[in-house]
There are 2 protein chains.
Amino acid sequence: MTTTPPTITLDDVRDAAARLKGVAHRTPVLRSRTLDALVGAEVLLKCENFQRVGAFKFRGAYNAASRLAPEQLARGIAAYSSGNHAQAVALAARELGTTAVIVMPEDAPGSKRAATEGYGAEIVTYDRYTEDRVAVAEALAADRGLALIPPYEHPHVMAGQGTAALELLEEAGELDALLVPVGGGGLIAGSATAVKGLRPGTRIVGVEPEAGDDTKRSLEAGRRVEIPVPRTIADGQALHTPGELTFSVNRRLVDDIALVCDDEIRAAMRFAFERLKIVVEPSGATPLAALLSGRAGALPRRVGVIVSGGNIDTGRFAELCGGV
Amino acid sequence: MTTTPPTITLDDVRDAAARLKGVAHRTPVLRSRTLDALVGAEVLLKCENFQRVGAFKFRGAYNAASRLAPEQLARGIAAYSSGNHAQAVALAARELGTTAVIVMPEDAPGSKRAATEGYGAEIVTYDRYTEDRVAVAEALAADRGLALIPPYEHPHVMAGQGTAALELLEEAGELDALLVPVGGGGLIAGSATAVKGLRPGTRIVGVEPEAGDDTKRSLEAGRRVEIPVPRTIADGQALHTPGELTFSVNRRLVDDIALVCDDEIRAAMRFAFERLKIVVEPSGATPLAALLSGRAGALPRRVGVIVSGGNIDTGRFAELCGGV
């Protein structure tokens, strides 16, 4: 009988934390008396919306890029993303003194392109109606000799992303539960690895949008299942199936998945704005939505929450949360 | 020849800080690489939008209320305000185990009333078209034996408000300039007293909305002048004349006043939202507006900014900042 070694370990997350020191922000942990009173627990919010590029993605991208062999790093790195991972890889490249090429759909918002180019990356576009972005990116990487940094399917990416939870534990001490948004599953895989390694009794609860419950279904089925591409305002969580590597971690370490609907996400974004005075993007607000709506279930005493990102412009925010 | 003693001193601000310890939040000081690069200086943002009740006002209200004689405190306190000071006095009363009565216009927004009542205060309304709020509040206070806590015209209020700058200096060390929003003038009077007491070389720059430049004009005239009631989105700064006590401090200690227009304030609120991920109300955004627009003039190396408050609901924010 053989046992498969775990994809990542607590030591991998610790190594990532050492690499990120002085490069990534050690983001603040916020508390709110109002929130605690409303939900009946002590809530500790790890605010990755204050991370560089406005989201936790920088942690994984930098950790992975920094571990490339010097000659590979010098040739450059690449990624496919129209979201936070694009900016994360672009900034990681700049910090490491190399170049990045980001594959984005032709119709990506101008603000996303500008932000990515602002970090010095080259953008290569594809037609998302006729071309497959992975194929485009892989061909480009092969052609130019670039290292492709995936958004979650990589041990160094997962370990880097898990440093957010490691920092939270260092600052908060004992936690009875940790709520984490689930998209591709890298953030929760890294976070669960860190937390279960240090405090096995802490419950790890993932939060998905109702329409994008691929990880919940997969955990129930005991294997990765596919769902139709979800329609949800939580664009960072609109995936149709979990990652293979991330799922191999999450099936072992995630205790439960809570679901929230778009209206609950909007209410959580409003709460964050009006009461906490912070800007949270839809995907980043899903754990707060699960707490405020009661859909996270009965809460233990001390609950950690990863607020994963804050990248939303004022126009889109007004559209989602400006009405009465 | 006689000299008038100063209205407040550095020691008054220090005493206030001792009283506020463990009661007011020690708010975070934020930095932003993007902001520093844009304005060409090191900017340190003292974030009073994260203060209790969402604004610096709690510092002054609590300091003043906590110094009342025990029998006076037991009879209760009162204030007239439809803004942040109302909630500040309500919370100060609750923290000190007494009651507060707040005089508000009949047509004050329901959200302001609810927030103030949420802290346990009683609301007494008046008709702002036919009644004078000061007269209403003074009659009420006399009738019920309450101590009236003014929003800025009081040494303990000014000293309490100045603790924001004292904390900023403790954390930031040397500052070449400090930018502070000017409404009634209490925040800048207290802040200037703290800063000039500790580091006389630091320039104190007030920021007013163009339409509400009563303090700028008064400083130029060497006496308090009255302007028509200003129309500006910076509602916390829509005053028509400086306070008498605050002006007596500010004419000695304020080096300069910068002016900003409503569009510059809106741009600063958007910048705070999209780049800093924080919520800032119009009045609280005026110093950032002065920095970003260049209207604060040539900047020295290290600049402190008091971000005075973050009380704005998502509907009003969408109205002001949601358009393209």
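Because only heavy atoms are used, hydrogens play no part in the values below, and waters and symmetry mates are left out as well, while side chains stay in. Throughout, a chain's letter reflects where its sequence line sits, starting with A, and its residues are numbered from 1.
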Worksheet item: B:Lys277 side chain to A:Gly310 main-chain N or O, any donor-acceptor pair under 3.5 Å?
Response: yes

Item to complete: Taking all heavy atoms of B:Phe50 and all of A:Leu30, pick out the closest pair and write down the distance.
Response: CE2-CD1, 4.3 Å

Worksheet, complete the sentence: Under 4.5 Å to a heavy atom of chain A? For B:Ile312 that would be both

Discussion item. Heavy-atom cut-off 4.5 Å, strictly under: side chain, backbone, both or neither for B:Arg52 against chain A?
Written reply: side chain

Practice prompt. Among A:Ile278, A:Asp313, A:Thr314, find the one that has a side chain to side chain contact (heavy atoms under 4.5 Å, CB included) with B:Phe273.
Written response: A:Thr314

Practice prompt. For residues B:His25 and A:Arg33, determine if any side-chain heavy atom of one lies less than 4.5 Å from a side-chain heavy atom of the other.
Written response: yes

Worksheet, complete the sentence: What one should report as the nearest heavy-atom pair of B:Gly322 and A:Ala318 is CA-CB, 3.7 Å

Worksheet entry | A:Arg275, CZ atom: more than 12 neighbouring heavy atoms under 6.0 Å | no

